[in-house]
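Contents: one structure, followed by commentary.
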Amino acid sequence: MWDNLTIREAVEYAKDPYPSIRKWIKDKGKKVVGSTFADVPEEVIYAFGFLPVTIMGTNKPLKKAPSHLPDNACSLARSNLELVLSYEGDLFDGFVLPQVCDTTQHLSDIWRINFPDKYVESYLAPRQADRPSARYWVKEEITRVISSLSDWSGRKIADKDLWEAIEVHNENKNLLKEIYEIKKKNPSSLTNKELFALMKLSQQVDKAELNQSLKKIKESLRYEQNDEYTNVILVGITCDPPEIYDLFDESKLNIVGDTLLVGTRYIQGIVPTNGNPVDALTERHFRRGFFSPIHDNVYKNFEEVKTLYKETKAKAIIYVHIEFCESQEYDLPDLKRMIRDEGILMHTLDTEYQTLSLSHVRTRLQAFFESLKGGSL
Amino acid sequence: MSEKLTSKQMSKKITDEYMDEAFHAHENGKLIGYSTAISPVELFVAHDIIPIYPENHAVANLTAKKGAELCSVVEGMGYTSHLCAYARSDLAYRKTGITVTKGIPEPDLFLACNAQCFTLTKWFQVLARKGNLPVFVFDTPEYVMDKKTREEIVKYCVLQLKELIGFLEEVTKRKFDYDRLKEVMKLSAESSILYRKFLDMAQYKPSPISIFDALIGMAIAVYRRGTQECVDYYQTLCDEIQAKVDQGIGVLPKEKEKYRLYWENLPVWFKFSDHAKLLGSYGGVILTSLYVHAWSFEFNLDKDPLVTLAENYVSRFSNSTIEDRADMAAELFKKYSMNGMIMFMNRSCKAVSFAVPTLKEILTKRTGIPALVFESDMGDQRFYSETQIRTRIEAYFETLDRLQFEDTQ
């Protein structure tokens, strides 16, 4: 189903992957295990023969979530809760839910209480990352999740199963990386929206199948440089709704670097292939940038973004702020100051899940983009 | 400590001496460690680091109705209005110097324990960046219900406490004294038992204390635990409350005490006394909350100090599952014979508030007691609607009256 997608189809599937997932599981007779951002090792779920699906909100109206989480809760958390309570809950046989911040901690509890008949396990991600105990804890948690999935499914997995899963996931990330590299140098080869749709879909459908499509898509890309484009960097957790990318595309802005979870932080997660698989998955956790902004060290973020900006010869940084993400909100004033002190142009884009009208975003972004291209604000 | 002092006098003396020592810490070769209110501060005390709690200072300012003024300032600095009011008012205090106390001394290091919430960690990181100072994050994963996982969590926390000791040794260039830690733990355990005894006196009818007394009496448990003066203070407090019990003195006279209430969440600090008076006029006394119980630790002195520290700090109500929180609250309902509950959705404290709707559902189902839910902010008056909240409180008591009337028919 996902092994022969054109890029246009991939964008459509990425917008709403659930109908295709329904059909796929019916055909394959497999179970679906959902997860939210971040850090849950999806390779482990895959190794058990389940389909790991990262839940990334819904554009449909909020009906039930507001009675569980108030309006000052992270919009992604509310949107995810709505998706499972009102729309797609029946699709999932179980969930492995990461706890990375105060909101996700409660979300796990609320989820468990609302789905008493489903498998619900927590993945207790370390919320400190610089000391040896963090590494100890990640390994413990991966081992515990394996044991929990084993108890639920009644089957055991061998190292071989994990290595096979790792191989499929690594291939997926390598393919995305290669496509991203082509796009950076050949901005007209595919749009920003298309690139990030591939990143999103990769986290929601069967990768063994999607990899076949990615290979074909990669081969079909046109290699031509185009000087009309202006390079920019995208910083944040996620960028939603995907129509925001259209605004970049319309203004011929080429995203040449990012720190998004549905972007570079995901493809950085290639697992080393030596040693034993649990150690390798643990090691990956510390090699890539952490998924949660809870870990963000503003100095480190600043250096990362500055390096990206310089290496890619970008003209500006666009920071995507998801409303009510406390972690971002404590760091943003200092990060903004550091970036501006460096003389780098930065625009902050305030967005939230369930955003339906982009008119205010469009006006502000267009004004900023015009100034980038020599106009004035 | 003179035996003649009342608990109120003792509290003032302890606080004055503590702050005086803190302001002169560097002159005496000591360091100031900023700490979250729930954190294994016993390690600081044992290592002669003076703990300072920016939250306590924030409470003083917010209770004195400085919240809106301070929070407006911080919004001008680029922070959003929905962050914790403690953090917002503190960051504004750093910029303006506005305070109703003498302020607090500047930090040398930070200890952030996320058993309480993660927002404190981010707030401390902001402060640490300003002075380029070291921060230690003591990560306490949610104390999930599975027994085996709990054992693993405690192991992880013990590992981190060892790392914390290494961190303290590195910052102070002094070796940690484990024997001294044992002494501190003994005092902390003693004062915790007495603190709980004080809270539990709300079981009497009429209750000699309300939650407002508990909140005032809580301060010393927060910032002086692990010291002899803390033990002495709670002994005196317990003796005083016991004397009230013996004389039948309640917050409300026995015949007027109609509703014995549970409070969920932190208080609305700037409405502290107004709420006590308003509820009292309806015959209501708020007896307790999980919040005030957060410092009634049960240290087991037969265990390795680091193990009992880890077990206690990781299992605070704020770091427990909603189901466990419901169990803890239900136990209080039973123990204190409560017949009403006020659930405060506090915009400032997401860590506690996001559980409230689910908790309310579980508790009303289990106890059969209706709940009053209202939304506001613990410190920023701009989010408090006087008329709306007063109307809700009035309507709630009317409901309770009606139910009581129906029961008697």
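So that the names make sense, note that chain A is the first sequence line, chain B the second, and so on, each numbered from 1. As the structure is a prediction and not an experimental result, all values here were calculated from the model.
Note on B:R325 versus B:E264: salt bridge recorded, some NZ/NE/NH1/NH2 to OD/OE distance being below 4.0 Å. We find that A:D102 and B:K122 are not joined by a salt bridge, their nearest charged nitrogen and carboxylate oxygen being 4.0 Å or further apart. In this structure, B:E151 pairs ionically with B:K147, as a charged nitrogen and a carboxylate oxygen lie closer than 4.0 Å. Look at B:E361 and B:K365 and you find no salt bridge, because none of the NZ, NE, NH1 or NH2 atoms lies under 4.0 Å from a carboxylate O. The existence of a salt bridge linking A:E140 and A:R144 is excluded, since no basic side-chain nitrogen approaches an acidic carboxylate oxygen closer than 4.0 Å.
Of the listed residues (A:P132, A:S122, A:S108), the one with the most heavy-atom contacts under 4.5 Å to chain B is A:P132. The residue among B:T121, B:L159, B:I362 with the most heavy atom pairs within less than 4.5 Å of chain A is B:L159. By number of non-hydrogen pairs under 4.5 angstrom with chain B, the leading residue of A:R131, A:Q105, A:K336 is A:R131. Chosen from A:L124, A:N72, A:L107, A:L69, the residue pairing most often with chain B at heavy-atom distances under 4.5 Å is A:N72. The candidate with the highest count of non-hydrogen atom pairs below 4.5 Å against chain B, out of A:W137, A:Y136, A:Y299, is A:W137. Annotation: maximal heavy-atom pairing with chain A below 4.5 Å, among B:F167, B:F136, B:F138, occurs at B:F136. Note: B:T140 leads B:V356, B:L91, B:D146, B:T140 in heavy-atom pairs under 4.5 Å with chain A.
Looking at A:D71, only its side chain comes within 4.5 Å of chain B, counting heavy atoms on both sides. B:T321 touches chain A through backbone and side chain together, each having a heavy atom under 4.5 Å away. For a residue to count as touching a neighbouring chain, one of its non-hydrogen atoms must lie under 4.5 Å from one of that chain's; by this rule A:Q99 touches chain B with the side chain only. Interface residue A:F324: backbone and side-chain heavy atoms are both found under 4.5 Å from chain B. Heavy atoms of B:S81 lying under 4.5 Å from chain A are absent altogether. Contacts between A:D334 and chain B at a heavy-atom distance below 4.5 Å involve the side chain alone, from C-beta outward. Both the backbone and the side chain of B:T119 come within contact range of chain A, judged by heavy atoms closer than 4.5 Å. At a 4.5 Å heavy-atom cutoff, the contact between A:T103 and chain B is made by backbone and side-chain atoms alike. Of the two parts of A:R112, only the side chain, counted from C-beta on, holds a non-hydrogen atom closer than 4.5 Å to a non-hydrogen atom of chain B. Both the backbone and the side chain of B:N319 come within contact range of chain A, with heavy atoms under 4.5 Å apart. In this structure, chain A has a heavy atom under 4.5 Å from the side chain of B:E163, while its backbone stays farther away. Only the side chain of B:V144 comes within less than 4.5 Å of a heavy atom in chain A; its backbone stays farther off.
A cation-pi contact, defined as under 6.0 Å to the ring centre and within 45° of the axis, is absent between B:R392 and B:F374.
Looking at B:Y156 and B:D139, their side chains do bring a donor and an acceptor atom within 3.5 Å of each other. A donor atom on one side chain and an acceptor atom on the other are not found under 3.5 Å apart for B:S353 and B:N346.
Note: A:Y330 and B:Y79 have tilted aromatic rings, judged against thresholds of 30 and 60 degrees for the angle between ring planes. Taking the six-membered ring where tryptophan is involved, the planes of B:F354 and A:H106 are perpendicular, since the angle between them exceeds 60° and thus also 30°.
B:Y34 has its ring centre no less than 6.0 Å from the ring centre of B:Y53.
Across B:K148, B:R150, B:K155, a single residue satisfies salt bridge (charged side-chain N to carboxylate O under 4.0 Å, His left out) together with B:E152, and that is B:K148.
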